[in-house]
Amino acid sequence: MKKKLLSIAALLCITFSLSALPGFTSFIPDNAGEYVYYRDTTFNRESYIGILMYDESSFQIRYIAPQNDTDKLPAKEIALLITINPKSDFWDMTGENILSTLLPDSDDTDIVNYLHDILYEFSARRIKAGEIQTDKKDISDSYNQFGGNVHIIYDARIPLFNIRTILNEKGQKVFDCVTIGTIKSSEDTTFSDFSGITKNTTTVKKETRKAAKSKTYSYENRSVTLDETWNQELENCWTLGNESLITMSTLPKASDDKTLNDLFIIRKLLESSEGYYVDFQNCEISYQQSKDSWKIITTSFFPEKNTYIFMTKLLNRNKEGNFDYFSMSTFQTAYQKTPAYFDKIVKSYK
């Protein structure tokens, strides 16, 4: 259990790559292995579309519909390996390998064509959108696949085409980002294993923790106040049994451009990694201008054990322009029992 907490609190790799998609230059350069998954409501069943970039000329697009026991529908998956001409100024597909078995007398061929259309349309619309240097750029457009007149919400933190959400005329989300991430190697199956993020419906009875003697711990120029039930594992790492993990560190600047730097680091903090998925739809991000600091709250789903980790991350800019970084990862059931206890610890960070 402690290993799981440690894995999700691993240090960030603050580096840019040179990968790019045809026809536009992303404000945040995409790294090889980055992916995005969307919930697509145009299907009659729960459905997701995922797009993964292996490198600037190789991509995978995947359709997945989880098993539906209520309607007695088996899981359906269709995945395509696509190659493109990276020197083209538009989406110029040069090859395709269908990674799944297409069933006769089914809609599988229609889905393959739909996946092709997604890539061509997303590329063309992203090129037309121009610069995306913010977490929200709303562009009105006409898109027949999604019912006609739509609003496409672009977000620089979303990898590849920067599309976060598509809203129909009624303002309903018809296509919406559910998670972003990066696969670390060819053995990392996080992208191909995705079948949705199950919501935690467990009801937990709140408890009162017994008072314990408190102690303030410092790391470099920051401090946090804990009690004697916490154990200091390293100079900058503390654990509360198998329930919670706190780390403190410094994140160097990724760019001298403050906006680019912040959006890039926030993207990395929101990305899923091997074995778990960050619930993008329910993350909370706030900026406090007076302190030049960010607060990010996320929930990560570990499908193998059907567990959830609640994570609070604080980014405070220091005099050198780097971020002093605080993170607390807690199993969600433990957090729900005594939320005030854990929130008080976060507030003690100075």
Side-chain angles (χ1 to χ4, degrees), residues 1-12 178-179 197-220 222-249 251 266 269-273 275-288 291 293-316 323-350:
M1 301 289 271
K2 189 178 293 184
K3 182 179 179 182
K4 190 180 294 184
L5 290 170
L6 286 167
S7 69
I8 199 172
L11 292 178
L12 300 174
V178 293
T179 197
I197 297 178
T198 305
K199 305 302 180 183
N200 187 8
T201 58
T202 304
T203 302
V204 177
K205 183 179 179 180
K206 290 188 177 182
E207 300 175 357
T208 301
R209 285 186 181 265
K210 294 181 180 180
K213 185 178 179 180
S214 62
K215 181 179 178 180
T216 299
Y217 294 89
S218 297
Y219 177 72
E220 297 188 349
R222 298 288 177 176
S223 65
V224 64
T225 300
L226 307 174
D227 61 42
E228 59 187 4
T229 59
W230 287 79
N231 183 54
Q232 186 166 14
E233 305 284 350
L234 299 169
E235 182 186 5
N236 64 333
C237 177
W238 299 263
T239 57
L240 179 64
N242 286 322
E243 292 183 357
S244 187
L245 167 73
I246 287 174
T247 61
M248 294 166 63
S249 60
L251 303 181
I266 291 171
L269 290 172
L270 295 176
E271 284 192 331
S272 308
S273 192
Y276 69 88
Y277 303 99
V278 177
D279 185 352
F280 189 90
Q281 291 181 319
N282 292 299
C283 62
E284 299 176 27
I285 303 171
S286 58
Y287 176 69
Q288 191 172 353
K291 294 184 178 181
S293 63
W294 293 90
K295 182 177 184 179
I296 303 169
I297 298 175
T298 60
T299 301
S300 296
F301 172 55
F302 288 74
E304 184 178 353
K305 298 292 185 180
N306 195 33
T307 56
Y308 306 81
I309 290 179
F310 183 83
M311 194 168 183
T312 300
K313 310 158 197 180
L314 304 177
L315 298 165
N316 295 78
F323 277 128
D324 293 326
Y325 178 57
F326 168 94
S327 71
M328 182 169 67
S329 308
T330 310
F331 281 98
Q332 194 173 49
T333 50
Y335 175 82
Q336 290 172 335
K337 288 180 182 178
T338 55
Y341 172 81
F342 292 105
D343 292 345
K344 183 179 180 180
I345 291 173
V346 173
K347 291 178 182 178
S348 77
Y349 175 71
K350 296 178 181 179

If you measure from [atom1] on [X] to [atom2] on [Y], what distance do you get to the nearest 0.5 Å?
X: M311; Y: F331; atom1: CE; atom2: CZ; result: 12.0 Å
X: E243; Y: Q332; atom1: CD; atom2: CD; result: 13.5 Å
X: I296; Y: L270; atom1: CD1; atom2: CG; result: 5.5 Å
X: I266; Y: Y287; atom1: CD1; atom2: OH; result: 10.0 Å
X: K350; Y: T216; atom1: NZ; atom2: OG1; result: 8.0 Å
X: L251; Y: K313; atom1: CG; atom2: NZ; result: 11.0 Å

At their closest point, which heavy atom of [X] faces which heavy atom of [Y], and how far apart are they?
X: G275; Y: P303; value: O-CD, 3.6 Å
X: T312; Y: F310; value: OG1-CE2, 3.8 Å
X: V204; Y: Q336; value: CG2-OE1, 3.3 Å
X: L269; Y: Y325; value: CD2-OH, 3.4 Å
X: I197; Y: V278; value: CD1-O, 3.8 Å
X: Y217; Y: Q232; value: CE2-OE1, 3.4 Å

Is there a donor in the side chain of Y349 and an acceptor in the side chain of D324, or the other way round, less than 3.5 Å apart? no
No-hydrogen, no-angle side-chain donor-acceptor test under 3.5 Å, T338 and E207: no
Do [X] and [Y] have side-chain heavy atoms sitting under 4.5 Å apart?
X: T330; Y: I309; answer: no
X: V178; Y: D279; answer: no
X: I285; Y: K295; answer: no
X: L314; Y: F323; answer: no
X: K215; Y: D227; answer: no

Is the backbone of [Y] close enough, under 3.5 Å, to the side chain of [X] for a donor and an acceptor to pair up by distance?
X: S244; Y: S329; answer: yes
X: S348; Y: V224; answer: no
X: N236; Y: M248; answer: yes

Do the rings of F342 and W230 sit parallel, tilted or perpendicular, given the 30° and 60° boundaries? perpendicular
Answer yes or no: does atom NZ of K199 have more than 12 heavy-atom neighbours from other residues, nucleotides or ligands under 6.0 Å? yes
Ring-ring centroid check F301 Y277, cutoff 6.0 Å: no
Non-neighbouring partners of E228 that pass side-chain contact (heavy atoms from CB on, under 4.5 Å), sequence neighbours left out: A212, K213
Test side-chain contact (heavy atoms from CB on, under 4.5 Å) on T307 and Y276; report intermediate values, then the result. CA-CA 9 Å; T307 56; Y276 69 88; over 6 Å; no
List the steps, then state whether side-chain contact (heavy atoms from CB on, under 4.5 Å) holds for T229 with L240. CA-CA 6 Å; T229 59; L240 179 64; 3.4 Å; yes
Tell me, with the steps shown, if W238 and I246 meet side-chain contact (heavy atoms from CB on, under 4.5 Å). CA-CA 5 Å; W238 299 263; I246 287 174; 3.8 Å; yes
